[in-house]
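Just so you know, these numbers use all the heavy atoms, side chains as well, and skip hydrogens, waters and symmetry mates. The structure presented is a predicted model; accordingly, all values stated were derived computationally and were not measured. One-based numbering, in listed order, for ligands and for the atoms of each.
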Amino acid sequence: MQFFNHFLREQGVSNELRSLLYHIARAVKYINFSLRAGNTAKLTSQNVFGEEQLKLDVLADKIISQELEKSELAAIIASEEQQEPKKFPAPRGKFGISFDPLDGSSLVDANLAIGSIFGIWEGDKFLGTTGRKTMVASCYAVYGPRITLTIAVKGKGVHEFELTDVGEFVLTRDNIKINPDSKYFAPGNLRATCGNEKYLQLIQGWIKECRTLRYSGGMVPDLHHILSKGEGIFSYPRDEKHANGKLRLLFECAPFSLLFEEAEGASLNQDGQAVLDTEITDIHQCTTIFIGSKNEVKKAVDALK
Ligand code: AHG
Ligand code: MN
Ligand code: MN
């Protein structure tokens, strides 16, 4: 059995980064406890015991923010649930952490798999840079029948850990890689087909080729499926109302792009630019995304030109 911290040390991950990842893993465990404890109110409300309950994504945001502050390794944090990033006063850590505390929050009541996404950046700013220049690691947790944490440290591959009943994450898969071609497709934002004939044709083409649909409506499980099977494509194009789609660059797309590029997959926006090369000009900016098996991603973006 390979424990999380021990494995990362063997991979040559720095003490500081390992310690930060340890705090992220702790936050993931607390969020999982909250989910299992039934704190799943969709809105701020009272539970059956008359206690105030927080909306789950707000609770997850609190848990992660507090844990990162405690770590003393964060210089700045930015959350999908917060309007502005929070800077910690000097002397503080050397990392910026961007996160989506709960991805797939609309799936909570349906009891589908959900997740948390984290991007780890060097320094104390997110604006005016790109994922390629400044991100050093990223990871995501899946809260499903099993709890997994998948981590990419730049240059050190992608590895999956699972939470065991003794409360420790242990290695379940190392050096995850994605094949260039695939039979799986996960077509997001199908509403875009109403105004975009090419997107409709792309999807019809996948159907005619007898490919296999795997789509849950949650970015985390949908992308985890691709990494688990080692192949697939997830698409989220623009539509008439959303020129850059709806998925967020800093909290969702940049962290996943680092994971997928580390696994030899690709992540492009609808204009064919690598998502990791997109400059961050606004904390809450959105980006279109085509992510997964390299050849499939390239072919899909070309087909929409
Ligand atoms: P969040 O719950 O953090 O707001 O994100 C939900 C996202 C993502 O998980 C998923 O891929 C996408 O929303 C699906 O969006 P639509 O079905 O609304 O197009
Ligand atoms: Mn999300
Ligand atoms: Mn969210």
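The protein heavy-atom contact nearest to atom 11 (O) of ligand 1 is Met219 N, 3.3 Å. Of the protein's non-hydrogen atoms, the one nearest atom 2 (O) of ligand 1 is Gly104 N, 2.8 Å. The closest protein non-hydrogen atom to atom 14 (C) of ligand 1 is Gly217 O, 3.8 Å. Closest to atom 18 (O) of ligand 1 among all protein heavy atoms lies Lys246 NZ, 3.0 Å. Leu247 CD2, 3.8 Å is the protein heavy atom nearest to atom 7 (C) of ligand 1. When only non-hydrogen protein atoms are considered, atom 6 (C) of ligand 1 lies nearest to Asp103 OD1, 3.8 Å. For atom 4 (O) of ligand 1, the nearest protein heavy atom (residue, atom name, distance) is Arg248 NH2, 3.4 Å.
The contact set between ligand 1 and Asp100, taken as ligand atoms under 4.0 Å from a residue heavy atom, comprises 3 (O). Residue contact check: Tyr236 has heavy atoms under 4.0 Å from atoms 15 (O), 16 (P), 19 (O) of ligand 1. Those atoms of ligand 1 that come under 4.0 Å of a heavy atom in Leu102, given as number and element, are 2 (O), 3 (O). Of all the atoms in ligand 1, the ones that sit under 4.0 Å from a non-hydrogen atom of Ser105 are 2 (O). Numbered from 1 in the order shown, with element, the atoms of ligand 1 that lie under 4.0 Å from a heavy atom of Glu252 read 3 (O), 5 (O).
The six-membered or imidazole ring of His225 lies away from that of Tyr215, with a centre-to-centre distance of 6.0 Å or more. Aromatic ring centres of Phe256 and Tyr140 lie closer together than 6.0 Å.
A donor-acceptor contact closer than 3.5 angstrom links the side chains of Thr172 and Glu160.
Ring-plane geometry between Phe169 and Phe4 is classed as tilted, the angle between the planes lying from 30 to 60 degrees on a 0 to 90 degree scale. Relative ring orientation between Phe7 and Phe161 is described as perpendicular, the plane-to-plane angle rising above 60° on a 0-90° scale split at 30° and 60°.
Within the protein, the N, O or S atoms lying under 2.8 Å from the Mn ion (ligand 2) are Asp100 OD2, Asp103 OD1, Glu252 OE2.
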